[in-house]
> 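The structure follows.
Only a predicted model underlies this, so the values are computations on that prediction, with no experimental measurement involved. Whatever order the structure lists them in is the order used to number ligands and atoms, beginning at 1.
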Amino acid sequence: MGQKGMSVQRHIVEQERDFPKATGNLTGLLMDLIYAAKIISREVNKAGLVDVLGLTGTENIHGEEVKKLDEYANDRLFKAMDHGGHLCIMASEERDDVIHIPDKFPKGNYVLLFDPLDGSSNIDANVSIGTIFSIHRKKTDGEKGTLEDCLQKGSDQVAAGYIIYGSSTMLVFTTGQGVNGYTLDPSVGEFILSHIDIKTPSKGKIYSANEGNSKFWDEGTRKYIDYLKEKDSNSGRPYSLRYIGSLVADFHRNLLYGGIFLYPADYKNPDKPKGKLRLLYEASPLAFIVEQAGGMATSGKENIMDIVPTELHQKVPLIIGSREDVLTYQKFISENA
Ligand code: AHG
Ligand code: MN
Ligand code: MN
């Protein structure tokens, strides 16, 4: 189970001992990810200084090119992950196609999908942002991974997690044996176990949605949100609206406090309802985490973890959080289908 204050490295190694057949490859992969998270955290926390110090934004004091933080996070993740020999392929929100492991490096049996910086529109406002990752096993035969290895459903994930760069930097992830949270202690540069076996409340009092889009939602969703606003002290209504606009930050708060996050389908084109959030590296990893913490995640029509992806950057509606709240939502959807 681990003890508070334990480093993430020690906790991962101790958990690996529960799996005698473990090769150490997943452990190595996670260690490389953790290194990248520390580098990105340092840069995110310095981002404001780029303007304050009057840096050009094209060249910083170290003579390095200062890129957009999304690009920077993407580059740092790629450079941390490409040579460890644990991966056969990667895919990123910031790259149209799959990312192959350079020929000069050894290949491994895992697939890494990631959103290098989630909520990036909030960077200049100093609002919490994050990195989201999803890990699958290679399923094709060749040494080099393929697009097919990336297009796997959520229930086949080996591990999933996120790093939230907020008032402190936290790493939250699961390998299928529950969810743990680690807080970065910048004085030693280590993630320390701070939230053991996170369980999300079965019912919350918070809902998170961009109500500016409500006229494009389906009838069932609109009725559900109206229901949350009615007064009924027995069911803890009205709920409070909390919406940061960074998925990782909204998700993390609801995971700890309870509640429901909704990014419903947009029915501007009634024949082609579309979601905004991406299945492979936003919805699917967060669905794995929330299910491991006792919650639920649906597209409205089906469990996020059951959706078989057909495209790398496929978008889905995402309704995720406390189990009872998601079940109530699904009732409104089925009653207004
Ligand atoms: P990203 O910055 O990776 O593109 O993700 C932004 C997403 C997600 O973080 C957030 O929940 C959502 O966009 C907010 O969308 P709206 O601004 O349309 O509410
Ligand atoms: Mn995102
Ligand atoms: Mn992003």
> Provide the atom name of the closest N, O or S atom of E282 relative to the Mn ion (ligand 2).
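Going through the N, O and S atoms of E282 one by one, OE2 ends up nearest to the Mn ion (ligand 2).
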> Just to confirm my output: which protein heavy-atom neighbour is closest to atom 2 (O) of ligand 1, and how far is it?
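Answer for atom 2 (O) of ligand 1: G119 N, 2.7 Å.
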> Where does E94 meet ligand 1, judged by heavy-atom distances below 4.0 Å: at the side chain, the backbone, both, or neither?
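Under 4.0 Å from ligand 1, E94 contributes no heavy atoms.
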> I need the L77 CG to L117 CG distance, nearest 0.5 Å.
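L77 CG to L117 CG: 9.5 Å, rounded to 0.5 Å.
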> Give the residue and atom name of whichever protein heavy atom lies nearest to atom 4 (O) of ligand 1, and the separation in Å to one decimal.
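For this ligand atom, the closest protein heavy atom is R278 NH2, 3.2 Å.
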> Could an N or O of ligand 1 be found under 3.5 Å from any N or O of S246, whether backbone or side chain?
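No; every N/O pair is 3.5 Å or more apart.
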> Taking the six-membered ring of Y239 as reference, does the cationic atom of K205 (NZ for Lys, CZ for Arg) lie under 6.0 Å from its centre and within 45° of its axis?
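Output no; distance or angle outside limits.
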> How close does the nearest protein non-hydrogen atom get to atom 14 (C) of ligand 1, and which residue and atom is it?
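Answer for atom 14 (C) of ligand 1: Y243 OH, 3.4 Å.
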> Can you give me the closest heavy-atom contact between Y72 and R42, atom names plus distance?
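So the minimum-distance heavy-atom pair works out to OH-NH2, 3.8 Å.
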> When you measure from atom 7 (C) of ligand 1 to every protein heavy atom, which one gives the shortest distance, and what is it?
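Nearest protein contact, heavy atoms only, for atom 7 (C) of ligand 1 is L277 CD2, 3.8 Å.
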> With a cut-off of 4.0 Å, which atoms of ligand 1 are near a heavy atom of E93?
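Here the atoms of ligand 1 in question are 1 (P), 3 (O), 4 (O).
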> Could you tell me which N, O or S atom of D115 is nearest to the Mn ion (ligand 2)?
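Closest N, O or S atom of D115 to the Mn ion (ligand 2): OD2.
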> Write down the atom of Q152, the atom of L280, and the distance for their closest heavy-atom approach.
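Smallest heavy-atom distance, with atoms named: O-CD2, 4.0 Å.
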> At less than 4.0 angstrom from any non-hydrogen atom of N210, what atoms of ligand 1 do you find?
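Going through ligand 1 atom by atom, the ones under 4.0 Å from N210 are 16 (P), 18 (O), 19 (O).
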> Looking only at the side chains, is there a donor atom on one of H195 and Y182 sitting less than 3.5 Å from an acceptor on the other?
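On atom types as modelled, these side chains do not qualify, holding no pair under 3.5 Å.
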> Which atoms of ligand 1 have any heavy atom of L117 under 4.0 Å away?
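Here the atoms of ligand 1 in question are 2 (O), 3 (O).
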> Consider ligand 1: state whether an atom of it lies below 4.0 angstrom from any non-hydrogen atom of N122.
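No, N122 has no heavy atoms under 4.0 Å from ligand 1.
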> On the 0 to 90° scale, with breaks at 30° and 60°, tag the H252-Y162 ring pair as parallel, tilted or perpendicular.
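Aromatic pair H252/Y162 classed perpendicular.
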> Taking CD in E302 as the centre, count heavy atoms belonging to other residues, nucleotides or ligands within less than 6.0 Å. Is the count above 12?
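Enclosed.
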> Can you tell which of L247, I320, D118 makes a side-chain contact (heavy atoms from CB on, under 4.5 Å) with L277?
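Filter result, single survivor: L247.
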> Among the N/O/S atoms of D118, which is closest to the Mn ion (ligand 2)? Give the atom name.
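It is OD1, the N, O or S atom of D118 closest to the Mn ion (ligand 2).
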> Need the atom name: nearest N/O/S atom of E93 to the Mn ion (ligand 3).
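Looking only at N, O and S atoms of E93, the one nearest the Mn ion (ligand 3) is named OE1.
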> Does R237 qualify as a cation-pi partner of Y227, given the criterion of NZ or CZ under 6.0 Å from the six-membered ring centre and within 45 degrees of its axis?
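The answer is yes, since R237 meets both limits relative to Y227.
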> Which atom pair, heavy atoms only, marks the closest approach of D149 to K139?
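Heavy atoms of D149 and K139 come nearest at OD1-N, 2.7 Å.
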> Give a yes or no on whether L256 and I289 share a hydrophobic cluster (residues Ile, Leu, Val, Met, Phe, Trp, Tyr; joining criterion: side-chain heavy atoms under 4.5 Å apart).
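Shared cluster, yes.
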> What protein heavy atom sits nearest atom 17 (O) of ligand 1, and how far off is it?
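Scanning the protein heavy atoms, the shortest distance from atom 17 (O) of ligand 1 goes to K276 NZ, 3.8 Å.
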> If every non-hydrogen atom of T174 is compared with every non-hydrogen atom of V179, which pair is closest and at what distance?
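Nearest pair, atom of T174 first, then V179: CB-CG2, 4.1 Å.
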> Please work out, at 4.0 Å between heavy atoms, whether the side chain, the backbone, both, or neither of D118 comes within that distance of ligand 1.
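Answer for D118: both.
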> Using a 3.5 Å cut-off on N or O atoms only, is Y263 in polar contact with ligand 1?
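Right, the criterion is met.
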> Is there a side-chain contact between Y224 and L262 (heavy atoms, below 4.5 Å)?
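Heavy-atom side-chain distance check passes, below 4.5 Å.
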> Taking 4.0 angstrom as the limit and counting only heavy atoms of S120, give me the atoms of ligand 1 inside it, by number and element.
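Numbered from 1, ligand 1 contributes 2 (O).
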> I need the atoms of ligand 1 closer than 4.0 Å to a non-hydrogen atom of E282, numbered in the order shown.
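Per the distance check, 3 (O), 5 (O).
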> In terms of relative ring orientation, are F261 and Y243 parallel, tilted or perpendicular, with 30° and 60° separating the classes?
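Taking Y243 first and then F261, their aromatic rings lie parallel (interplane angle under 30°).
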> Strictly under 2.8 Å, is the Mn ion (ligand 3) approached by any N, O or S atom of D70?
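Here the distance criterion (N, O or S atom, under 2.8 Å) is not met by D70, so no.
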> What atoms of ligand 1 come closer than 4.0 angstrom to any heavy atom of D115?
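Atoms satisfying the 4.0 Å criterion: 3 (O).
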> Are any of the N or O atoms of N213 closer than 3.5 Å to those of ligand 1?
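Min N/O separation from ligand 1 is not below 3.5 Å for N213.
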> Answer side chain, backbone, both or neither: which part of I129 comes under 4.0 Å from ligand 1, heavy atoms only.
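None of I129 does.
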> Using a 6.0 Å cut-off, check whether atom NZ of K301 has over 12 heavy atoms from anything other than its own residue.
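For K301, atom NZ is not crowded (no more than 12 foreign heavy atoms under 6.0 Å).
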> Looking only at protein heavy atoms, which one is nearest to atom 10 (C) of ligand 1, and what is the separation?
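Among all protein heavy atoms, the one nearest atom 10 (C) of ligand 1 is G245 O, 3.3 Å.
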> Could you tell me whether L247 approaches ligand 1 through its side chain, its backbone, both or neither, with non-hydrogen atoms closer than 4.0 Å?
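Looking at L247 and ligand 1, atoms from backbone and side chain both fall under 4.0 Å.
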> Between the Mn ion (ligand 3) and G119, is there an N, O or S atom separated by less than 2.8 Å?
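No, G119 does not qualify, because none of its backbone or side-chain N, O or S atoms lies under 2.8 Å.
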